[in-house]
Structures are given as C-alpha cells and as structure tokens.
Amino acid sequence: MNEGNYALTAGNGREEIIDIMKGVCIVFVIMMHSLFGTWYKVLLMPFTAQLGVPFFLLISGYTYYLSLKNKNWFSKSNIIKKLGRIIVPLIPVLIVELVYFGLPDNPVNWLLSGGHSMPGSYYIVLLFQCIIYYPFLKWICEKLKFIPSFLLILLIHAAFELLAYFSKMDVALYRLLIFRYTVFLYGGIQIFRFKNKFNFKKLLWIVPVGLIYILAVGYFGWKPQILFSYDPWYKSAMPVAFAVIPIGAVVIQNGAEITAFLKGLKKYIKIDITLLFSFMGKASMHIYLIQMLWFGIIGNRINAGKASNPLNFLVGLAVSCIIGCVYYLIEARLRKILMESNKN
C-alpha cells in the first residue's frame, strides 16, 4: 500500500494497472475481515481475498524498485519520506485507538505490534520492516543470476520458517515479521527487472502448483506440519507465490491492455470501474487504516454473532472506502500546503 514512485508511463507518471490492483486488493482485505465460515468457501476467498496481502507485498516489491534505483535508499531524506508516508496517516488512527481502548499496559509492545491487534495491524509493522529489508533483496536480485537468486530466496524463506517452527516462535511474533513474505517482495523486484525482457505468460504453467496448495489448505483442511505451520497464516504462505507471482507478472506486463478492456466495459455498465478502483488504490493505505478501526472497534461488534453476514462486508466496505478516500484527500491536501509553505 505504501510505495515509492511508479515506473514512468506516457500518461501521468503512474501505471494505472498498479493502482487498480491495489484497489482490488483492499476490497480483498475487507472481505477477509468481515466474511467467514461458509461465505469464505462459497465466495472462493481462498483463491481471492486470502491473497490480498501477498499481492500487496508483490506490488510493494515492484514499486519500490524505481525509487531505490537512482538514489541512496538510506539517505536521511529518503528514510524520512518513506517513514512519513506510513507514520503521518497512522498517528490519528492510533490516537482514536487509544481513546477507545485506553492506555496499553506495555506501550513498547503496543507500538511494535501495530496497536491493539486491530484487524490487519500487522501489515503496518511489515511496512516499517520493508524499508530496511528491501535493499538487501534488491542486492541479491542484481548480484546473482535469476536461478541462483531464486534458490537463495527460497532458502532464506524456508530457513525463517524452520527457525520459527523449531524455536516455537509465538504466533503473535510470527505474524509481525516481514521474512514470511520474502518471496513476494522478491517476485515484485524481478517483475520490474524483467518486464521488458521476458514474456511472463510463459510462467503461467507454474500457477497450478499454487492453486493446488490453496485448494488443499482452503477446502480440504490440510495443514502443513513443519514449514508454514502457523494458523491461519499457512493459508497465504510461500507456496501460494507460485500462483500470485506469475498472475501478478502477467497482469502488470499487460496492464495497458487490461485497463483498456476494463474502460471499454463502461458502455455496458455505465461506470468506469478503472477510475473507481484506481482511486481506491491510491487511497489504499488510508482505507486500510480506516477498516482497522471499523472492524476493530465497531463493525464486528454491532454484528456480534453474525459477523459473516454479507451486510457486514458491504457496510464495512462502504464506510472504509468513503472515509478512507476522504482521509486520503485531506492528507494529500495538507501535505501539498506544507510543501508549498516550505518552498516559500
């Protein structure tokens, strides 16, 4: 959700397909926090909504690449900019949380865990770690050829899972660590590096591997015993990358054609869904933060005992998107005013 500059296009300097993908992913996140039980399987959520965060990390790997390419990543200005894009919208959310829940017993723990375990709060913690971890992954991608780098990434990812298992790492800590998403960040980097050199459709033969894993854990109740054994995180663990990365790569590489097709649907549905999802994508960080508050404080409480009611999802979607988009516009306006005042 929180990324650097996008690869330049002939338009406004952003790849619209990236924003559209983020817009779809934020809907997936809200589905995951409001629809459970029977709806989870009926709506094929193991194949869609469950993959929202992996796709977000893939996109982050892709979009961060350009912002790191021609600058010192650890320069003071870049770090302040990256942290600011997370911290500024986060602070008001944490204040609301404190007002509602009260002061935490352990403030350090509270901060490090992203708040009072609000729905999806772990993702905010992942973003902070990504700022440190990302340059290391980029270095691997650039120093090694594709196959050696891929094998090394799999080794790093597997080593973390084994360490977590044999050290009996607490699930509360496991959920907060960026290492479990290593392969998705790596995939995003490689998509950026090879998007003009390789036809990603040639990778689609790998997708069934990921789909079989998703089917096994999402519908047949299979649970890995050593690698990827943490519940419920095994459902979106590294094996799903065999579906997420090729599909994400093809969508990004064919973004212009897909966007044109979606725009063409306007003549039939009278709505330009690309504009809708693109704007939601731009505001996805703010929508994410609002949905944390909604489902953490209000949404699932007013629907106690029937949290899987589709109405809970629709109300949560509407509240999160409307307030989140307004929040995004307000912050963007204030940021612009501040930048202009600094210039003067």
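Keep in mind it's a predicted model, so treat the numbers as computed, not measured. One is the number of the first residue; the rest follow in order along the sequence.
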**OP:** Rounded to the nearest 0.5 Å, what's the gap from CD1 on Ile156 to OG1 on Thr182? Could you check?
**Re:** 6.5 Å
Original post:
For Ala256, does its backbone N or O pair with a side-chain atom of Thr259 as donor and acceptor, under 3.5 Å?
Top reply: no
Original post:
Below 6.0 angstrom between ring centroids: does that apply to Phe279 and Tyr328?
Top reply: yes
Original post:
Can you find a side-chain donor-acceptor pair between Lys138 and Tyr64 that sits under 3.5 Å?
Top reply: no
**OP:** Consider only side-chain heavy atoms of I, L, V, M, F, W and Y, link residues closer than 4.5 Å, and tell whether Phe220 and Ile212 are in one cluster.
**Re:** no
Original post:
Taking atom types as modelled and ignoring hydrogens, do the side chains of Ser60 and Tyr134 form a donor-acceptor contact shorter than 3.5 angstrom?
Top reply: no
**OP:** Classify the ring geometry between Phe179 and Tyr133 as parallel (under 30°), tilted (30 to 60°) or perpendicular (over 60°).
**Re:** perpendicular
Original post:
Is Asp19 salt-bridged to Lys282, going by a charged N under 4.0 Å from an acidic O?
Top reply: yes
Original post:
Hey, is the main chain of Ile18 close enough, under 3.5 Å, to the side chain of Tyr62 for a donor-acceptor pair?
Top reply: no
Original post:
Under the 3.5 angstrom rule, does the side chain of Lys22 hit a backbone N or O of Gly281 as a donor-acceptor pair?
Top reply: yes
Subject >> Tyr219, OH: over 12 other non-hydrogen atoms inside 6.0 angstrom >> reply: yes
Subject >> Phe160-Tyr174 aromatic ring centre distance below 6.0 Å >> reply: yes
Original post:
Is it true that Tyr123 and Tyr288 have ring centroids separated by less than 6.0 Å?
Top reply: yes
**OP:** Evaluate the ring planes of Phe150 and Phe242, with Trp represented by its six-membered ring, and classify them as parallel (under 30°), tilted (30 to 60°) or perpendicular (over 60°).
**Re:** perpendicular
